[in-house]
There are 2 protein chains.
Amino acid sequence: MPTSARPRRITIEDVARSAGVSRQTVSRAVNDKPEIDPATRQRVLRVAQSMGYRPSRFARGMVGPRLTTLGLVIADVLNPFFPEVVSGVLAAADERGWQVAVYSTGSALERETAVARTVVDQVDACVAFLLDPGAIGLIHRSGMPFVLLDNEHRPPSVSGGRIDFATGMRHAVGHLVERGHRRIAMLDDRGRPDAGGHGTRHSLFLGAAAEHGLPADEGWVFPAANSLEGGAAAMDDVLGGGFGATAVLAYNDLIAIGAMRRARARGMRVPEDCAFVGCDGLTLSRLVDPPLTTLTVDKELLGRSAVRQVAAQMAGAGTGETVIVPRLVVRASS
Amino acid sequence: MPTSARPRRITIEDVARSAGVSRQTVSRAVNDKPEIDPATRQRVLRVAQSMGYRPSRFARGMVGPRLTTLGLVIADVLNPFFPEVVSGVLAAADERGWQVAVYSTGSALERETAVARTVVDQVDACVAFLLDPGAIGLIHRSGMPFVLLDNEHRPPSVSGGRIDFATGMRHAVGHLVERGHRRIAMLDDRGRPDAGGHGTRHSLFLGAAAEHGLPADEGWVFPAANSLEGGAAAMDDVLGGGFGATAVLAYNDLIAIGAMRRARARGMRVPEDCAFVGCDGLTLSRLVDPPLTTLTVDKELLGRSAVRQVAAQMAGAGTGETVIVPRLVVRASS
DNA sequence: CAGTGCTCCGTGAACGCTCACGGGAACGTT
DNA sequence: AACGTTCCCGTGAGCGTTCACGGAGCACTG
């Protein structure tokens, strides 16, 4: 492919010259403005069309009314956790007349910096699920309004939205204990760089277990890739290691469902032989068999409040934090 | 609505003045360029920071290297059909170094025009799931590279990507007939404005049924809203109307699953009392109980080829069409 | 016939930034 | 002592568009 030098762009001036009129007249024709003869408009439009003229959105943006574009960075389009968040963000942004550009890091930590870099010079404000401190710093230092979601290690100077899994885990573990479970395996997301750190579901689980008098330790936690397959593989570990779990609590529904299916495939009955509890409350969790008990999070609200925070920052407010409290929905899997 | 009454923007000139240097020096500091004393850089950066200076992306775009932003319009973020398409588009765009902005019409026909309007002056090229001829015309007339997906009434002058449901329906119906079914209800998406039109799944179903010697007519088709609830409600219609279906073929998996769950809730056995077949091949369809037989579509590929077509158009190619052939995956629901 | 209004069109200026160039100071080299 | 070099830094120009203005042409008034 002969990559010739980029041909000069066709400007409004080119069209004007070619149509025998001035810039302004072309502009009037293209933008459906008054003060132009219908006949000239048609002629100009035809010329513009034939030359393949397309106004530069940059030049327009320079002079026109300033409209805000919000960047939304999610971890993975394929992860069913995000659509509802996106939906909330889109709705809230729409109410304010904002544009939204969605970016996905594909859950790849090493891609976060690249995405952050583009975000910085493509949008005016940002709502992001990001883990890499470098990427976070990049956006933060740019000075744009910024809300960081679901990150336990958010620097205090950046706004955030988090889910109160401390409360959530207490409920979930309490529920299992109530059902008579004493050996609970926790399937953690091994993709997170801060595995086991303070405030993570991992450590909150251990804390909640201790509160309920369970002798839980790191041996109760099994790392899993954040996917159905990851959950299935982790379930093999639980079952193969002789841990003797009567219940499984997973980092999220995806992992829980993967694990539950694997357990069934290995001939176990759910919840009789092993109970399962997930986190997030995906629509999916209601549809699987048996329906999954899960800590439901209002993901749409998470998105909406993030946008609200961004708007507040634009209005000069300081950094803040929104907390979403999950609700335990008990279904047939436990 | 664009934001109103904004205070004048802080420009590079403001920072320059305030730091006692020239524009260019500020530019050098901000962009990490050489030819600047480390000390001045620090000082300028500090001033810029304190003034809340953020470079205008429009001004930058005017002069800098021209990068392409691809607009992707989907019908509904919450519809699990789209994530895989988005994923394909993101991957393919990334390979070419393009940006992607995702828009969602929320499956609301009346919002399509508004979205189309923003798309037209926000991006350089477009891949879209759109139904409204007005919105389609708007984008098409703008002259930007444009690929329209999954629309049976695509104007011949615009490129497209479609799914070969003619072949697909033949397989699906054939499969059911082979299993001994003679009364098959079709659950159509009633949200489509072209319901029953030429090339729709609706009419292709009727055609395929006829080919297999079934006396199918419009009475076999039941409209359903495009959601789980829609499928459930339509199933009530099928069951309540005395149609006597032994099998249900739905417009997509979402509707099929909704219908199947409703049937079970009403005490029917699947597939003994009624078999179910969906379209699209969502991940979800593998996870429900019983797993759903479905016409699987390579959605990721659909996205990738759309981007490929856009790229071709930029290189001067004419309009074209990509066809994806669905594959029947037989599972326990039929 | 001058004056008034309306329709249509063109000319500077401005938007905020980067690129290309040029220039001064400080240092070393012949 | 005159001459390069290197390191910083500043100045004009240009990117492509729209806005605010002004002006020509024409018809219609009083």
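Every value quoted in this text rests on a predicted model; they were computed, and no experiment measured them.
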| request: Work out how much the helix from C:dC1-D:dG30 to C:dT30-D:dA1 bends between its end axes, five pairs an end, to the nearest 10 degrees. | output: 60°

| Electrostatic pair B:Arg111:A:Asp94 at N-O distance under 4.0 angstrom | yes

| request: Ignoring backbone atoms, establish whether B:Ser27 has a side-chain N or O less than 4.0 Å from OP1 or OP2 of C:dT18. | output: yes

| query | B:Ile12 CD1 to C:dC19 C1': how many Å, rounded? | reply | 12 Å

| message | I'd like to check the side chain to side chain contact (heavy atoms under 4.5 Å, CB included) partners of A:Ala116; sequence neighbours left out, ordered by chain and number. | response | A:Ala135, A:Leu138, A:Ile139

| said: Show every ring-ring contact (aromatic ring centres under 6.0 Å, His included) that has at least one partner inside residues 23-46 of chain A, sequence neighbours left out. | reply: none

| query | To the nearest angstrom, how far is A:Asp14 atom CG from D:dC15 atom P? | reply | 11 Å

| Rounded to whole angstroms, how far apart are CZ on B:Arg57 and C1' on C:dT18? | 18 Å

| field | Sidechain N-carboxylate O distance under 4.0 Å for B:Arg43, B:Asp37 | value | no

| request: Using ring-ring contact (aromatic ring centres under 6.0 Å, His included) as the criterion, list what pairs up with A:Phe129, not counting sequence neighbours. | output: A:Phe82

| request: Round to the nearest Å and state the distance from B:Phe58 atom CZ to D:dT18 atom P. | output: 13 Å

| said: Looking at C:dC19, I'd like to know if its phosphate oxygens (OP1 or OP2) sit under 4.0 Å from a side-chain N or O belonging to B:Lys33. | reply: yes

| request: Using a strict cut-off of less than 4.0 Å between a Lys/Arg side-chain nitrogen and an Asp/Glu carboxylate oxygen, indicate whether A:Glu152 and A:Arg162 qualify as a salt bridge. | output: no

| field | Side-chain donor-acceptor pair present, A:Arg192, A:Asn151, cut-off under 3.5 Å | value | no

| task | Send over the distance from B:Asp121 CG to D:dG16 P, rounded to a whole Å. | result | 18 Å

| remark: Contact string for nucleotides 8-15 of chain C, one letter per nucleotide 5' to 3', B = base within protein heavy-atom range under 4.0 Å, S = sugar-phosphate only, - = neither, reads SBBBBB-B

Which atom pairs, one a donor and one an acceptor, fall under 3.5 Å between side chains of residues 50-57 of chain A and the rest of the protein, sequence neighbours left out?
unit_1  : atom_1 : unit_2   : atom_2 : d
A:Ser50 : OG     : A:Val47  : O      : 2.9
A:Arg54 : NH1    : B:Ser142 : O      : 3.4
A:Arg54 : NH2    : B:Val123 : O      : 3.3
A:Ser56 : OG     : A:Phe58  : N      : 3.2
A:Ser56 : OG     : A:Ala59  : N      : 3.0
A:Arg57 : NE     : B:Gln122 : O      : 3.3
A:Arg57 : NH1    : B:Asp124 : OD1    : 2.4
A:Arg57 : NH1    : B:Asp124 : OD2    : 2.9
A:Arg57 : NH2    : B:Thr69  : OG1    : 3.0

